[in-house]
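Throughout, protein chains are lettered first and strands after them, A, B, ... in sequence-line order, and every chain is numbered starting at 1.
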Amino acid sequence: MKIDNTIETFNSLLKRRGFIWGPSPEIYGGLAGFYSYGPAGMALKNKVLSLFRQELRAFGFGEVECPTIMPEIVWKASGHLERFIDPVLKCKKCDTMQRADKFLQDLFPDLMIDGMSYDKMEELIDKNNISCPKCDTPFEKIEEYNLMLKTEVGAGNIAYLRPETATTTYLLFNRLDQDARRQYPVKIFQYGKAYRNEISPRQQVLRMRAFDQFELQLFIGKEQEMDYEDFNEVKTYELPLLNWRLQEENIDIPNTISLEKALNDNILKKPAYAYCIYLGYYLTKILGYPEEVIRLRQHSPNERAHYADDAWDLEIKTNQFGWVEICGIHDRTEYDLRRHGEFSNQNFEVPMGQDPKNKEIPQILEIAFGPDRIIYTLLETAFNVEDGRINLKLNPTLAPNTVAVFPLVKNKESIRKIAIDVHKNLLKHRISSFFDAAGSIGKRYRRQDELGTPFCITIDYESLKDNTVTIRERDTMKQRRIEISKVPEVINDKLLNITP
RNA sequence: GCGCUCGUAGUAUAGUGGUAGAAUCUCAGGUUCCCAACCUGAGGACCCGGGUUCAAUUCCCGGUGGGCGCACCA
């Protein structure tokens, strides 16, 4: 097939090299919105997750894991049952579907549609003889479209697959409060699957019906939010911020300013929230995205989720899909804990300051990553074609294979033997090494370039004489000779120099 | 979900009312060796179901999946 610098070449690479396959199950024709990761994709994903876990330990976060299915009451309390079910109007004739509330709001800008009952909406439709905008046929009655996947647990207990991991983390609040010995902020993250019954999933893994979330939560006091110690360490960092007022003026170039200035200019309100924005940006940056493809975009007030007081998306610029949200940073206030306290009859007020009598429900700040979107955008931004050669310029620490080892020729037993020894020694040092003897040496280099392997070791005739091998770097294709005994050490050194 | 459009080896494609052709790929053997070389041999596909027909991968209908547009996107 043709190798050129196009999105088609990239899309076929994803499949050919075992990054992403689907929709799954492919042999049965596939189900829209479900994808599988191949070995290369999974290796990359695992390396991203490991890096995140390692970093978050350093930032003082603990990890939890909760069930992906929760009873109905949880989603009543969280507000998802109400907000994730959309009223829809279907035309009797042409089957066009409209979202009832939005449709009516557009027709009656002066009425307050939000919160109106379905009966009231029907009444409004009847009174005004509203019909399908396409074919002028009357609508069917309002139906519900539930974005949550419903299931039954045991006999007849209604439950839902979680539409986000965050809520399940909040349900542990009283445990976490004790576990952390009331040392606020309590910092917790959860990684796992979430499910949404998207009406029309498109854009590959960017909008799946079963997807990963990696969500960080800060449980924090109201006062602490405004006077947050850790913020001082990061306040001078400059971040590309595109606030909603800029967007309203049709400006889509972010303002790169320090967090301190953003607070002073009232773009951000709370130092602790600003810190979360920094943390989201930091975790994104260490994955190796170039600066120019990252921006932080604020939601306008009517774009925000039902629980959010402020919301910023961390977006990556892609060729295929434009700006893609890979992380959402939300100020969820005390909404979630208040609701779960109410619905479960628990008292979630805890003393947050010096005075044990002064109790409050903690605020929640959330940093929610979509690992699948990370994988896609990492691959797309790393994809390069240079003179007909595909080079996947992944961050070397994240590449599926760290090293590949080749015998220069496959039919010289002495050379092959050394190559296998070098390969095994690398594995012994727990360095991801891949052995390949098939095809010409050039072809083997190219195969690894397509996987983003940063280093290739080749054993040649000279190796037989002086115990040295060549190490070739992916981006420059330059090579130099090093001693066989030093191979793992050299690789580790190189990785260390690149690691953030 | 609606409309338009498309679905052929792993990948990207040609083509046909009488079951497919080249490329690349994969495997084996040979040869060469530091950037997709060459030779020999082999392997591999018409999205699913129904209909029309003597015969359907091809035509029709339905489903399903992709792309685009509309709607939706916590």
Side-chain angles (χ1 to χ4, degrees), chain A residues 1-4 6-9 11-18 21-34 38 75 78-86 88-91 93-99 101-103 106 132-135 143 145-148 162-164 166-167 194 196-204 206-209 299 303-308 311 320 325 328 330 368 386-391 406-412 415 438-450 456-462 469-472 474 477-479 481:
Chain A
M1 59 158 289
K2 230 170 97 194
I3 292 177
D4 46 21
T6 60
I7 207 69
E8 287 78 19
T9 307
N11 288 334
S12 99
L13 176 74
L14 292 183
K15 295 186 240 179
R16 280 193 299 114
R17 285 299 175 217
W21 291 319
S24 301
E26 287 186 282
I27 60 167
Y28 289 107
L31 189 56
F34 297 92
W75 309 113
S78 71
H80 285 90
L81 209 49
E82 200 179 321
R83 297 292 178 151
F84 260 56
I85 294 181
D86 294 333
V88 293
L89 286 166
K90 226 181 196 175
C91 170
K93 193 170 143 202
C94 70
D95 280 342
T96 296
M97 217 169 70
Q98 295 281 344
R99 218 181 113 169
D101 51 347
K102 293 217 170 177
F103 182 63
D106 284 348
C132 172
K134 266 193 190 163
C135 64
E143 287 174 48
Y145 187 87
N146 191 348
L147 242 47
M148 285 197 293
R162 62 181 179 190
E164 61 163 14
T167 285
R196 284 175 202 180
N197 198 12
E198 298 285 355
I199 295 172
S200 70
R202 278 181 200 184
Q203 308 188 318
Q204 300 178 22
L206 297 189
R207 240 176 110 196
M208 291 195 284
R209 286 176 165 145
H299 284 199
E303 193 183 348
R304 281 180 214 147
H306 61 276
Y307 47 68
Q320 191 159 215
E325 174 196 355
H330 301 116
E386 298 156 355
D387 298 325
R389 160 183 174 257
I390 292 176
N391 185 14
F406 312 136
L408 184 62
V409 292
K410 67 173 167 183
N411 56 357
K412 289 273 182 297
I415 288 180
S440 72
I441 189 71
K443 186 169 220 162
R444 285 176 257 158
Y445 284 138
R446 297 296 174 95
R447 280 194 197 117
Q448 293 306 315
D449 292 340
E450 292 192 344
C456 293
I457 304 281
T458 299
I459 289 77
D460 56 13
Y461 292 99
E462 226 177 300
V469 293
T470 63
I471 177 166
R472 175 258 199 194
R474 179 190 69 199
M477 294 197 287
K478 292 218 169 93
Q479 48 186 332
R481 300 201 75 86

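Spacing between B:U57 and B:G17 at atom P, rounded to whole Å, works out to 13 Å. Rounded to the nearest Å, the gap between the P atom of B:G10 and that of B:G44 is 11 Å. Only the C1' atoms considered, B:A71 is 24 Å distant from B:G62, to the nearest whole Å. B:C60 and B:A28: their P atoms are spaced 45 Å apart (whole Å). Taking atom C1' on both B:A12 and B:C70, the two are 31 Å apart, rounded to the nearest angstrom. The P atoms of B:U13 and B:G29 are separated by 33 Å, rounded to the nearest whole Å. A gap of 37 Å separates the C1' atoms of B:U58 and B:C72, to the nearest Å. Nucleotides B:G21 and B:C46, compared at atom C1', are 13 Å apart to the nearest Å.
Residues meeting the ring pair (Phe, Tyr, Trp, His ring centres under 6.0 Å) test with A:H80, sequence neighbours left out: A:W75, A:F84, A:H306. A:Q320 is linked by a side chain to side chain donor-acceptor pair (under 3.5 Å) to A:N11, A:Y376, counting only residues two or more places apart in sequence or in another chain. Residues meeting the salt bridge (Lys or Arg N to Asp or Glu O under 4.0 Å) test with A:R202, sequence neighbours left out: none. Legend: residues meeting side-chain contact (heavy atoms from CB on, under 4.5 Å) with A:K443, ordered by chain and number and at least two apart, are A:S440, A:R447. With sequence neighbours excluded, the residues satisfying side-chain contact (heavy atoms from CB on, under 4.5 Å) with A:A194 are A:F211, A:Q213. In this structure A:D4 satisfies the side-chain contact (heavy atoms from CB on, under 4.5 Å) test together with A:K2, A:T6, A:T9, sequence neighbours excluded. Under the rule for a side-chain contact (heavy atoms from CB on, under 4.5 Å), the partners of A:Q479 that lie at least two apart in sequence or sit in another chain are A:Y445, A:T470, A:R472.
Applying the Watson-Crick and G-U wobble criteria (two distances, each under 3.5 Å), B:C68 pairs with B:G3. The pairing partner recorded for B:A12 is none, the criterion being a Watson-Crick or G-U wobble arrangement whose two distances lie under 3.5 angstrom. Under the Watson-Crick or G-U wobble criterion, with both distances below 3.5 Å, B:G41 is paired with B:C27. Remark: B:C35 base-pairs with no nucleotide; criterion is Watson-Crick or G-U wobble with both hydrogen-bond distances under 3.5 Å. In a base pair of the Watson-Crick type (N1 to N3 plus N6-O4 or O6-N4) or a G-U wobble (N1-O2 and O6-N3), with each distance short of 3.5 Å, B:G18 is matched with B:C54. The nucleotide B:G49 finds its pairing partner in B:C61, both defining distances of the Watson-Crick or G-U wobble pair being shorter than 3.5 Å.
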Problem set entry | Protein proximity profile, nucleotides 29-41 of chain B - base contact B, sugar-phosphate-only contact S, no contact -, cut-off 4.0 Å on heavy atoms | --S-BBBBS----
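A:R83 contributes no side-chain N or O that, together with a main-chain N or O of A:S78, makes up a donor-acceptor pair within less than 3.5 Å. Between the side chain of A:R389 and the backbone N or O of A:R446, no donor-acceptor pair lies under 3.5 Å. A donor-acceptor pair is defined here as one N or O able to donate and one able to accept, closer than 3.5 Å; no such pair exists between the side chain of A:R474 and the backbone of A:N391.
Counting all heavy atoms, side chain and backbone alike, A:K15 lies closest to A:W21 at O-NE1, 2.9 Å.
Scanning atom types as modelled, one donor and one acceptor separated by under 3.5 angstrom connect the side chain of A:S200 and the base of B:A71.
As a whole-Å value, the separation of A:E26 CD from B:U11 C1' is 12 Å. Between A:K15 atom NZ and B:G7 atom P the separation is 14 Å, expressed in whole Å. Rounded to an integer number of Å, the gap from CD of A:Q320 to P of B:C68 is 8 Å. Taking atom CG of residue A:N146 and atom P of nucleotide B:G1, one finds them 15 Å apart after rounding to whole Å. For A:L147 and B:C73, the CG to C1' distance is 8 Å, given to the nearest whole Å.
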Distances under 3.5 Å between protein N/O atoms and the N/O atoms of nucleotides 60-66 of chain B, please, pair by pair.
{"unit_1": "B:G65", "atom_1": "OP1", "unit_2": "A:A32", "atom_2": "N", "d": "3.1"}
{"unit_1": "B:G65", "atom_1": "O4'", "unit_2": "A:G29", "atom_2": "O", "d": "3.2"}

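With a glycosidic angle more than 90° from 0, B:U24 adopts the anti conformation.
Where A:P163 and A:N11 meet RNA chain B, the nucleotide closest to each residue was compared, and A:N11 sits on the side nearer the 5' end.
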